[in-house]
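Before any comments, here is the structure.
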Amino acid sequence: MGACAGIPAPLIYRKGWALLGYLAAEPERRHPRLALAMLFWPQLGEAQALTNLRQVLCNLNRYCRQRLGPDVLCVKRDGVELRRAGRTLFDIDRLPRDPGAALAVLDGQCSFLAGMEDVAGADFRSWLESVRLTLEAELVGVAERHCDGLLAAGRWEGALQAARVLLQRDAWNEAHARRAMRAYLGHGMRAAAVAVYARIQQALHSDLGVDTQLETRRLLAWICEDGWTPPVDAGSAARRVAVDA
């Protein structure tokens, strides 16, 4: 439900795409027709807004039948409902649970219903901003847990990739910086780990006027200790043995 280079056939209305996103992001419940009509056509009277909604729903129903199945979009006289019935129908259904997909969305700087900010009035824009913030928090949480799991398992390459994506999304987040420092450390790249600290220290000082947290400084001190030996990445070691053989 991100950017759409032209709405997908057989949809002919941008509001239809936005309405599908609205129904997909809301809990499974029946939405009164009038509420939907006034959300998407707040500048019109009730009668004209409901007429426009009927046209959009007719087209959206055709799209859903072709792409999602005949029983997904339920359009009744008293309301409209999207029925998943436990199925994963949209990317937003799997993103909060799929680390790979979450990282791809974060890395691509994708936004939910990108380009749809102007499709309706202030109430729709407020709703859209709220949903985007919620999805962002869910995606970052998935990526953080995934990165922490990779660090715990000694899978430094994957952990470093995840940490880089997280830092790209929030360059002032010290927890992300510490993840990157640990991942570089696992690779045996002490200088790169120190460079991560230097960058976030500079960013925090110049942009926010604050110093790094004690936990981050302690991690730096540990990295810089004499006699430090990098941990072994079991996967990398196995690959080196295979190459040597």
Side-chain angles (χ1 to χ4, degrees), residues 1-8 17-18 20-28 64 67-69 72 82 84-116 128-189 192-193 195-196 199-200 219 230-240 242-243:
M1 300 301 298
C4 182
I7 56 178
W17 184 252
L20 181 61
Y22 179 82
L23 296 172
E26 289 293 299
E28 298 203 4
C64 288
R67 298 296 185 90
L68 304 176
V72 172
L82 195 69
R84 284 180 174 82
R87 294 167 294 184
T88 299
L89 299 177
F90 308 98
D91 49 12
I92 59 172
D93 296 335
R94 67 185 180 90
L95 290 178
R97 303 184 300 272
D98 186 339
L103 284 172
V105 169
L106 291 173
D107 192 26
Q109 301 289 311
C110 300
S111 294
F112 176 66
L113 289 182
M116 291 289 156
L128 183 57
E129 180 63 25
S130 176
V131 171
R132 284 175 175 173
L133 290 173
T134 298
L135 286 172
E136 169 88 3
E138 290 179 351
L139 291 173
V140 169
V142 170
E144 288 174 339
R145 292 189 293 274
H146 179 58
C147 185
D148 292 342
L150 293 172
L151 287 169
R155 298 170 58 185
W156 313 120
E157 186 173 343
L160 182 57
Q161 178 188 4
R164 284 171 173 167
V165 170
L166 287 166
L167 266 178
Q168 181 182 11
R169 201 71 169 189
D170 185 356
W172 298 313
N173 190 309
E174 290 189 57
H176 299 343
R178 291 193 294 269
R179 290 181 174 96
M181 291 167 69
R182 293 188 180 100
Y184 275 122
L185 206 59
H187 270 301
M189 302 169 65
V196 171
R199 284 195 295 272
I200 194 166
L219 177 59
V232 175
D233 179 344
S236 297
R239 288 193 293 272
R240 286 197 297 270
V243 170

> What residues form a side chain to side chain contact (heavy atoms under 4.5 Å, CB included) with Ala104, not counting sequence neighbours?
Replying inline: none
> Is there a side-chain contact between His187 and Glu157, using heavy atoms and a 4.5 Å cut-off?
Replying inline: yes
>> Once side-chain hydrogen bond (donor to acceptor under 3.5 Å, both in side chains) is applied, do any residues pair with Arg94, and if so which ones, sequence neighbours excluded?
In response: Asp98
> Are side-chain heavy atoms of Leu185 and Met181 found at a separation under 4.5 Å?
Replying inline: no
> Listed by chain and number, what are the side chain to side chain contact (heavy atoms under 4.5 Å, CB included) partners of Val72, not counting sequence neighbours?
Replying inline: Leu68, Leu82, Arg87, Leu89
> Residues in side-chain hydrogen bond (donor to acceptor under 3.5 Å, both in side chains) with Arg84, at least two apart?
Replying inline: Asp93
> Excluding sequence neighbours, so at least two apart, what forms side chain to side chain contact (heavy atoms under 4.5 Å, CB included) with Ala18?
Replying inline: Phe40, Met116, Val119, Phe124
> Shortest non-hydrogen contact from Val196 to Ala177?
Replying inline: CG1-O, 3.7 Å
> Residues two or more places apart in sequence or in another chain: which of them pass salt bridge (charged side-chain N to carboxylate O under 4.0 Å, His left out) with Glu138?
Replying inline: none
>> Quick check for you: to the nearest 0.5 Å, what is the distance between Arg182 atom CZ and Leu219 atom CG?
In response: 5.0 Å
>> Taking the side chain as everything from C-beta on, heavy atoms only, tell me whether Leu167 gets closer than 4.5 Å to Arg164.
In response: no
Output side-chain donor-acceptor pairs under 3.5 Å for residues 128-136, partner residues at least two apart or in another chain, one line each.
{"residue": "Arg132", "atom": "NE", "partner": "Phe112", "partner atom": "O", "Å": "2.8"}
{"residue": "Arg132", "atom": "NH1", "partner": "Glu117", "partner atom": "OE2", "Å": "3.0"}
{"residue": "Arg132", "atom": "NH2", "partner": "Phe112", "partner atom": "O", "Å": "3.0"}
{"residue": "Arg132", "atom": "NH2", "partner": "Leu113", "partner atom": "O", "Å": "3.0"}
{"residue": "Arg132", "atom": "NH2", "partner": "Glu117", "partner atom": "OE2", "Å": "2.7"}
{"residue": "Thr134", "atom": "OG1", "partner": "Ser130", "partner atom": "O", "Å": "3.1"}
{"residue": "Glu136", "atom": "OE1", "partner": "Arg169", "partner atom": "NE", "Å": "3.1"}
{"residue": "Glu136", "atom": "OE1", "partner": "Arg169", "partner atom": "NH2", "Å": "2.6"}
{"residue": "Glu136", "atom": "OE2", "partner": "Arg169", "partner atom": "NE", "Å": "3.0"}

Run the side-chain donor-acceptor check on residues 139-154: report pairs under 3.5 Å with partners two or more places apart or on a different chain.
{"residue": "Arg145", "atom": "NH1", "partner": "Gly141", "partner atom": "O", "Å": "3.4"}
{"residue": "Asp148", "atom": "OD1", "partner": "Arg179", "partner atom": "NE", "Å": "2.7"}
{"residue": "Asp148", "atom": "OD2", "partner": "Arg179", "partner atom": "NH2", "Å": "3.2"}

> Ala192: what forms a side chain to side chain contact (heavy atoms under 4.5 Å, CB included) with it, not counting sequence neighbours?
Replying inline: Tyr184, Met189
